Peer 1: 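Here it is: the structure, laid out below.
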There are 2 protein chains.
Amino acid sequence: MLSKKTKYGLKALSYLASLEDRQPVQIAEIAKHENISQKFLESILLTLRKSGLLGSKKGKGGGYYLIKDPKDILMTDVMRILEGPIALVPCVSLNFYEKCEDCPDEATCSVHKLMLQVRDSALTVYRHNTLADLIK
Amino acid sequence: MLSKKTKYGLKALSYLASLEDRQPVQIAEIAKHENISQKFLESILLTLRKSGLLGSKKGKGGGYYLIKDPKDILMTDVMRILEGPIALVPCVSLNFYEKCEDCPDEATCSVHKLMLQVRDSALTVYRHNTLADLIK
DNA sequence: TTAATACCCTATCGATTTGATAGACTATGC
DNA sequence: GCATAGTCTATCAAATCGATAGGGTATTAA
């Protein structure tokens, strides 16, 4: 299940991308427009800023804004930042690989085999979608 | 992330499918072979039995066994029984649909649009995999 | 018929995660 | 220097997860 953090983050990014200009937008405006708890959104936007997707400006007239063009923001990156691994199981994760302690052999593991396919199919989707695609 | 319940359930099903005959297999044997907590596995096998994938036999010589041929057991069914919805968000779920309370319009929701594609890609994988495919 | 076997069911428990809130701090612009 | 708006830390209730304990019940072999 998708976490609310990811859901809200996606909505916030989409909202920013939908605006014509790239002027800073206040947290409060985003929260209100997308029906999100403002304080919770604060921490999410902070994450997005620290990972380089958003810029911020303090003080009057401040807020958050997209750094890159929406068509250059891949969903693979967004999902990994917000949700973490795309794979459903660590042993098939590209960026967050971990060996399963209970599984003696990945090559013959039925779960591994199935989850590998699921990961690839999800990756394909995320790689073919940019932020610009989501707001069309 | 895939729950251990699903992971263990898949492993147990695979183990049963890998055996030549369809004689009842004791919980203890499955648990030992797959490195699973026996008590936890009990509840999982119970779920699988109640949903019609497994049969059980009590008393001496009892255990669990597959009811259908492995090639007739679709991963869509297995995943829905063990993990629940295949969709990452209720508003794109076929079997567990729920409206998002915060989202005013699904048609224009960017999250909805993305998650619909992810669901379809996962469904395609699960529909093309039977239990027989996993143990090849 | 009886006793062993093995599935069935309920309850509980600690750990972790999640979503949300509060409050103080800091930088900016007028 | 004061209002504005992002930044950071701490906390918290609720839910979920994985696991465990312990007794109940049906079946079978002897």
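By convention in this document, chain letters (A, B, ...) are assigned in the order of the sequence lines, proteins followed by strands, and residues within each chain are numbered from 1. Note that this is a predicted model, so its numbers are computed, not measured. Only this structure's heavy atoms are used, side chains among them; waters, hydrogens and symmetry mates stay out.
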Peer 1: Find the distance B:Gln38:CD to D:dA21:P and express it as a whole number of Å.
Peer 2: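 It is 12 Å, rounded to the nearest whole Å.
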Peer 1: Starting from P on C:dA6, measure out to CG on B:Leu46 and report it in whole angstrom.
Peer 2: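 B:Leu46 atom CG is separated from C:dA6 atom P by 17 Å.
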Peer 1: Please report the distance, rounded to the nearest Å, between CG in A:Leu2 and P in C:dT18.
Peer 2: 11 Å
Peer 1: Check each of A:Ile44, A:Ile73, A:Leu45, A:Leu54 against A:Leu13 using the side chain to side chain contact (heavy atoms under 4.5 Å, CB included) test, and report the only one that passes.
Peer 2: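 Answer after filtering A:Ile44, A:Ile73, A:Leu45, A:Leu54: A:Leu54.
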Peer 1: To the nearest Å, how far apart are B:Phe40 CZ and D:dT20 P?
Peer 2: 10 Å
Peer 1: Does C:dT21 have OP1 or OP2 sitting under 4.0 Å from an N or O in the side chain of A:Ser37?
Peer 2: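 For C:dT21, OP1/OP2 do have a side-chain N/O of A:Ser37 under 4.0 Å.
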Peer 1: How is A:Ser3 classified with respect to the nucleic acid when contacts are heavy atoms under 4.0 Å: base, sugar-phosphate, or nothing?
Peer 2: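 Sugar-phosphate contact only.
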Peer 1: Below the 4.0 Å mark, does C:dG19 have OP1 or OP2 next to a side-chain nitrogen or oxygen of A:Tyr8?
Peer 2: no
Peer 1: Would you indicate whether the side-chain heavy atoms of A:Glu29 and A:Tyr15 approach each other to under 4.5 Å?
Peer 2: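 Yes, side chains in contact.
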Peer 1: Could you state the CD-P distance from B:Glu83 to D:dT16, rounded to the nearest angstrom?
Peer 2: 13 Å
Peer 1: Side chain of A:Arg49, heavy atoms from C-beta onward: which of D:dC8, C:dC8, C:dC7 has the nearest atom to it?
Peer 2: D:dC8
Peer 1: Could you give the NZ-to-P distance, from B:Lys58 to D:dA29, as a whole number of Å?
Peer 2: 16 Å
Peer 1: Side chains of A:Glu98 and A:Ser93: do they bring a donor and an acceptor to under 3.5 Å?
Peer 2: no
Peer 1: Between the base of C:dC7 and the side chain of B:Gln26, is one N or O donor paired with an acceptor at under 3.5 angstrom?
Peer 2: no
Peer 1: Once you round it to whole Å, what is the distance between P of C:dC7 and NZ of B:Lys39?
Peer 2: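 Spelled out: NZ on B:Lys39 to P on C:dC7 is 11 Å.
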Peer 1: Measure the shortest side-chain to side-chain distance between A:Asp102 and B:Lys7 over non-hydrogen atoms and say whether it is less than 4.5 angstrom.
Peer 2: yes
Peer 1: Less than 4.0 angstrom between a side-chain N/O of B:Ser43 and OP1 or OP2 of C:dC9, yes or no?
Peer 2: no
Peer 1: Report the residue (A:Lys4 or B:Lys60) whose heavy-atom-nearest nucleotide on DNA chain C is the more 5′ of the two.
Peer 2: B:Lys60
Peer 1: Check whether any side-chain heavy atom of A:Tyr8 lies under 4.5 Å from a side-chain heavy atom of A:Ile30, and answer yes or no.
Peer 2: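 The answer is no, as the side chains (C-beta and beyond) never meet within the 4.5 Å cut-off.
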Peer 1: Counting the atoms with a prime plus P, OP1 and OP2 as sugar-phosphate, which does B:Lys7 contact under 4.0 Å by heavy atoms, base, sugar-phosphate, or nothing?
Peer 2: nothing
Peer 1: From CG of B:Leu45 over to P of D:dG18, roughly how many Å is that when rounded to an integer?
Peer 2: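 Those two atoms, CG and P, are 16 Å apart.
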